[in-house]
Amino acid sequence: MPELPEVETIARSLREGNAGQPSILQYRILRVELRWPRTLVIPQLAVLSPVLKSRIIAGISRRGKFLVFDLDGITMLIHLRMSGDMLVRDWDSPIEKHNRLILWLRGEGGNCQLVFNDPRKFGRVWVTNQPAYLLDTLGPEPLEESLTPAVFHGMLTGRQRQLKPLLLDQTFLAGLGNIYTDEALHLAKLHPLRNAGGLSKQESTRLLSAIRKVLSEGIRRNGASIDWVYRGGEYQNHFRVYGREGQPCLMCGTIITRQLVGQRGTHICEKCQKHPGAY
DNA sequence: ATAAACGCCTGACGGC
DNA sequence: TGCCGTCAGGCGTTTA
């Protein structure tokens with residue numbers, strides 16, 4: 001489910017607590033159970049428990065779509081992929097069907113479980129003292145001020161690639177997924193099949209603004225919740241194009257279409273977002 | 001360098 | 001009701 005705003009929302013709620021659920025910062029890991037072996041990338045299963053046990057959760061943050069747990073000397077990275085979620089449960093909650101990793105924690109707000117729940121089993125966990133090996137492969141954070149319009153335009157120039165697949169490439173820019181990419185492209189009035197290297201300075205600046213606007217709006221609304229995966233976000237009620245095929249564009253009334261771009265379902269207003277071949 | 005095809009997984013939904 | 005195909009907020013590997 002998660003793109004940048006959803007991962008940010010999860011990191012924030014674990015870090016700061018919400019609705020009767022305490023922050024798990026400074027909580028200590030007492031017990032570890034991995035329920036689906038392939039979820040763990042590193043280290044080997046046999047050393048996971050010894051490495052994690054008695055560690056303190058010193059920090060919780062986000063980089064791209066990765067959750068970053070600073071465990072005071074070692075880092076746990078979690079990627080939720082399509083269906084993952086991180087939940088805080090009571091200490092003695094029964095293990096649920098799709099729980100893949102459970103950490104039992106002791107802390108001031110009471111003992112609890114930190115659960116990685118992931119129906120489709122695509123999610124992955126890394127426990128490492130070299131998190132940069134992974135995180136340094138990511139492109140810049142879209143909301144960082146150091147990503148100026150000039151820098152962004154420079155990243156695009158020379159690229160010979162369809163715009164949408166490039167935006168989805170995490171080594172180009174970190175955090176966009178299928179929903180927010182469609183939303184940003186519509187807001188920027190750019191067709192997903194445009195050649196990324198062909199954007200004018202004005203267009204790339206418009207695109208960067210649109211990306212920031214949809215991500216910020218997503219964060220402000222606690223992310224989006226769809227189908228059977230629900231976490232209390234409400235951005236899904238404010239989509240401009242995603243999931244709105246057959247419905248009128250909110251800007252011009254043209255019917256939104258859905259087509260495949262780079263193997264991904266893509267929602268477009270053909271009038272607002274002129275096809276590269278159109279004139 | 002770019003892009004397609006496919007694999008990894010489970011569950012929801014629509015059509016018959 | 002049951003069965004079937006299709007689709008899903010992601011990404012790595014292989015192939016062209």
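Worth knowing before you read on, the calculation uses all heavy atoms, side chains too, and leaves out hydrogens, waters and symmetry mates. First the proteins, then the strands, lettered A, B, ... as listed; each starts at 1.
A/Gly123 comes within 4.0 angstrom of nothing in the nucleic acid, heavy atoms only. Nucleic acid contact for A/Arg124: none, since no nucleic acid atom lies under 4.0 Å from a heavy atom of the residue.
The side chain of A/Lys121 contributes no N or O atom lying less than 4.0 Å from OP1 or OP2 of B/dC8. In this structure, A/His98 does not reach the B/dC9 phosphate: none of its side-chain N or O atoms is under 4.0 Å from OP1 or OP2. Residue A/Gln263 places at least one side-chain N or O closer than 4.0 Å to OP1 or OP2 of B/dA5. The side chain of A/Lys97 places no N or O atom within less than 4.0 Å of a non-bridging phosphate oxygen (OP1 or OP2) of B/dT10. Using a 4.0 Å cut-off, no side-chain N or O of A/Arg120 falls inside it from OP1 or OP2 of C/dG10.
Rounding to whole angstrom units, CG of residue A/Leu260 and P of B/dA3 are separated by 15 Å. Whole-Å rounding puts the A/Tyr242 OH to C/dG10 C1' distance at 12 Å. Rounded to a whole Å, the CG atom of A/Leu193 is 12 Å from the C1' atom of B/dA3. Nucleotide C/dG10 holds its P atom 6 Å from the CG atom of A/Asn178, rounded to whole Å. When rounded to the nearest whole Å, the span between CZ of A/Arg161 and C1' of B/dA1 equals 9 Å. Following rounding to the nearest Å, A/Lys164 (NZ) and B/dT2 (P) show an atom-to-atom distance of 18 Å. Going from atom CG of A/Asp118 over to atom P of B/dG11 covers 11 Å, rounded to whole Å. For the pair A/Trp126 CH2 and C/dG10 P, the computed distance is 14 Å after rounding to whole Å.
Not counting sequence neighbours, the partners of A/His79 by the ring-ring contact (aromatic ring centres under 6.0 Å, His included) test are A/Phe66. Qualifying ring-ring contact (aromatic ring centres under 6.0 Å, His included) partners for A/His267, counting only residues two or more places apart in sequence or in other chains: A/Tyr242.
A/Lys164 and A/Thr266 share a side-chain donor-acceptor pair at under 3.5 Å. Counted by atom type alone, A/Tyr180 and A/Glu6 present one or more donor-acceptor pairs between their side chains at under 3.5 Å. Remark: the A/Gln259 side chain and the A/Glu270 side chain contain an N/O donor-acceptor pair separated by less than 3.5 Å. Residues A/Asn222 and A/Thr9 bring no donor and acceptor atom of their side chains to less than 3.5 Å of each other.
B/dC9 sits 22 Å from C/dC4 when the P atoms are compared, rounded to a whole Å. Here the separation of B/dA5 from C/dT6, taken at their P atoms, is 15 Å to the nearest Å.
Scanning both residues, A/Lys65 and A/Val7, for their nearest heavy atoms gives O-CG2, 3.7 Å. Minimum heavy-atom separation, A/Arg81 to A/Phe122: CG-O, 3.0 Å. Among all heavy-atom pairs drawn from A/Val32 and A/Ile29, the shortest one is CG2-CG2, 3.8 Å.
Two residues are said to be in side-chain contact when any heavy atoms from C-beta on lie closer than 4.5 Å; A/Val125 and A/Met76 meet this criterion. Residues A/His191 and A/Ile268 are in side-chain contact: their nearest non-hydrogen atoms beyond the backbone lie under 4.5 Å apart. Side-chain contact between A/Phe69 and A/Ile78 is present, with heavy atoms from C-beta onward closer than 4.5 Å. You'll find the side chain of A/Leu143 reaches within 4.5 Å of the side chain of A/Arg212, heavy atoms only. Residues A/Asn99 and A/Glu33 have side chains not in contact (no heavy-atom distance under 4.5 Å, counting atoms from C-beta outward). The shortest side-chain heavy-atom distance between A/Leu134 and A/Trp126 falls under the 4.5 Å cut-off.
In the region residues 213-221 of chain A, proximity to DNA chain B at under 4.0 angstrom, judged on heavy atoms, holds for none of the residues. The stretch residues 33-43 of chain A touches DNA chain B through A/Trp36, A/Arg38, each having a heavy atom within less than 4.0 Å of the strand.
Once the 5.5 Å centre distance and the 30° plane angle are applied, the aromatic ring of A/Phe122 is found not to be stacked with the base of B/dC9.
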Are there any protein N/O atoms within less than 3.5 Å of an N/O atom in nucleotides 13-16 of chain C, and if so, which ones and at what distance?
none

Paired and unpaired positions of DNA chain C as dot-bracket, Watson-Crick or G-U wobble under 3.5 Å, | denoting a partner strand: .|||||||.|||||||

